[in-house]
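Below is one structure, written out as structure tokens; comments come after it.
Chain letters run A, B, ... following the sequence lines, proteins first and then strands; every chain starts at 1.
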There are 2 protein chains.
Amino acid sequence: MEKVSIRQLERYPIYLNYLLSLRESGVSSISSPAIAKALSLSEEQVRKDLQLVSRSEGKPKSGRNIDELISDIQEFLGYKKVTNAAVIGVGHLGQALMNYKGFAEFGLNIVCGFDVDSSLIGTKVNNKEVFSLYSLSSKIEQFDIKVAILVTPKESAQEVANMLVNAGIKAIWNFVPVHLNINDKIAVENVNLASSLAILEHNLKQKGDE
Amino acid sequence: MEKVSIRQLERYPIYLNYLLSLRESGVSSISSPAIAKALSLSEEQVRKDLQLVSRSEGKPKSGRNIDELISDIQEFLGYKKVTNAAVIGVGHLGQALMNYKGFAEFGLNIVCGFDVDSSLIGTKVNNKEVFSLYSLSSKIEQFDIKVAILVTPKESAQEVANMLVNAGIKAIWNFVPVHLNINDKIAVENVNLASSLAILEHNLKQKGDE
DNA sequence: CTTATATCAGTATAAAATTATTGATATATA
DNA sequence: TATATATCAATAATTTTATACTGATATAAG
């Protein structure tokens, strides 16, 4: 496999999204410059990104076949095989994630939630049961859960992360704004809204100054 | 202002978070290498990042004063002045965002929500009223709303974004997985969960292969 | 008080990512 | 069918970002 950069990885879902919407409106082929224009990227970047994951070459003048391109990106991103996940911490955000329908198209299947709050345990959110955090190990095995979606309060995030690792989780999608110190055999990806907001505010300030 | 990179901007909230937790546990000064170690970064990177925003210099052997550092980062990120925001689209995620307490510390104040669903209009979420999307212009002015937090369905995102711009919004924090074509006077920052998940899955796969 | 050293600031180097360039070619158009 | 051109792949140049190095200095330890 050729090396793919983090930045590239971030772009593929964006391409995919756009291509899917194009296909819905009946388009059957597209060129890199056209994609670039639609997504405000450079054509070189788009071409390189697509070259990396696409099995067939693009054709001058006509571009690439959309169906093939979609299939190749989905394949590359692993959307074609299902990964089971669980939400850890069934608060507002946790529940919103459990209710989110869109994960299915990413191959992510949220099978259940975990919490310590006894008033939540045994309830269902979007038809997915909420279990006690202390049944983690058995449920992870039982449901073949690979990814933990961590949405606990800050204070308990590290402790719960340790529990997850002990219970055999291989990847943590961390929505808690805390740096987790974790065995580097485990994949950790942080969703940091504060970082995103910092960029927005910075841009807002700059545009205001112009 | 010296130039700051996107990557750096993303890191400041992470530093801040860590420093706040340190201060809570009574620590009063910290060195760049110590921060680097705690957050799994390189000491050079941390030092450069801090140099950029810190008004006072660090001292060999003892490092930097935590209170000062926290204050400088907060100042730099604009956390000390309040920016009013509104949630556009009061679904599961929109409600979760309206309920999220953490934005206050970022200087972001969600004042209300907007939706087109008449069963939502007039209700309150976390004590913030939900207005009709068609009252956008007047409310934006009335409440001095600067940032729109966009959480609509895909299909309507672009159309609503246009309405927001017409109504005078200066920044859009876009949670919808759609590329918005917007006047570049407006700051747009995309929160793309699919991108984040793509990175996680890629790492998961790589670690599995090792 | 003196010395050793951790940390600093500033600069230089290296790595990563993006953008530009070049020559080739498949297709649309005449 | 011939020609012009949009797009391609591959490579080179540039820019951005991260890391390493150097000499200076404030503090801890003796």
I need the [atom1]-[atom2] distance between [X] and [N], as an integer number of Å.
X: A:N65; N: D:dT7; atom1: CG; atom2: C1'; result: 16 Å
X: B:E43; N: D:dT19; atom1: CD; atom2: C1'; result: 10 Å
X: B:D49; N: D:dT17; atom1: CG; atom2: C1'; result: 11 Å
X: A:L50; N: D:dT7; atom1: CG; atom2: P; result: 14 Å
X: B:Q51; N: C:dT7; atom1: CD; atom2: P; result: 15 Å
X: B:Q45; N: C:dA9; atom1: CD; atom2: P; result: 16 Å
X: A:L41; N: C:dA17; atom1: CG; atom2: P; result: 16 Å
X: A:K48; N: C:dT21; atom1: NZ; atom2: P; result: 15 Å

Is any NZ, NE, NH1 or NH2 atom of the basic residue among B:E201 and B:K205 found under 4.0 Å from an Asp or Glu carboxylate oxygen of the other?
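A salt bridge is absent here (no side-chain N lies under 4.0 Å from a carboxylate O).
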Inter-axis angle, terminal five-pair segments of the helix from C:dC1-D:dG30 to C:dA30-D:dT1 [nearest 10°]
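Angle reported: 30°, given to the nearest ten degrees.
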Between the side chains of [X] and [Y], is a donor N or O closer than 3.5 angstrom to an acceptor N or O?
X: A:S71; Y: A:K80; result: yes
X: B:S56; Y: B:E68; result: yes
X: B:N84; Y: B:D144; result: no
X: A:Q158; Y: A:N162; result: yes

So, taking the atom named CD1 in A:I30 and the one named CD1 in A:I70, what distance separates them when rounded to the nearest 0.5 Å?
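CD1 of A:I70 is found 10.5 Å from CD1 of A:I30.
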Should B:Y100 and B:F103 be marked as a ring-ring contact (aromatic ring centres under 6.0 Å, His included) after you check the CA-CA gap, both sets of side-chain angles, and the distance that decides it?
CA-CA 7 Å; B:Y100 183 55; B:F103 289 135; 4.8 Å; yes
Chi angles and distances behind the side chain to side chain contact (heavy atoms under 4.5 Å, CB included) call for A:I169, A:V147:
CA-CA 6 Å; A:I169 275 290; A:V147 174; 6.0 Å; no
Counting primed atoms, P, OP1 and OP2 as sugar-phosphate and everything else as base, the B/S/- map of nucleotides 21-30 of chain D against protein heavy atoms under 4.0 Å is ----BSBS--
Evaluate the salt bridge (charged side-chain N to carboxylate O under 4.0 Å, His left out) criterion for residues A:E44 and A:K48: first the C-alpha distance (whole Å), next the side-chain angles of each, then the deciding distance (0.1 Å), finally the verdict.
CA-CA 6 Å; A:E44 294 86 353; A:K48 278 197 136 186; over 6 Å; no
Between residues 6-13 of chain B and DNA chain D, which residues have a heavy-atom gap below 4.0 Å?
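Residues of residues 6-13 of chain B that come under 4.0 Å of DNA chain D are, in numerical order, B:R7, B:R11.
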Quick one: is C:dT7 close enough that its OP1 or OP2 comes under 4.0 Å of any side-chain N or O from B:S32?
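No, outside the criterion.
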Below 4.0 angstrom from OP1 or OP2 of C:dT18, is there any side-chain N or O of A:S42?
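Checking A:S42 against C:dT18: no side-chain N or O falls below 4.0 Å of OP1 or OP2.
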Any donor-acceptor pair under 3.5 Å linking the side chain of A:D115 with the backbone of A:G89?
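Not confirmed, A:D115 side chain does not pair with A:G89 backbone.
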Atom NZ of B:K59 with >12 non-hydrogen neighbours under 6.0 angstrom
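Atom NZ in B:K59 is not crowded, with 12 or fewer foreign heavy atoms closer than 6.0 Å.
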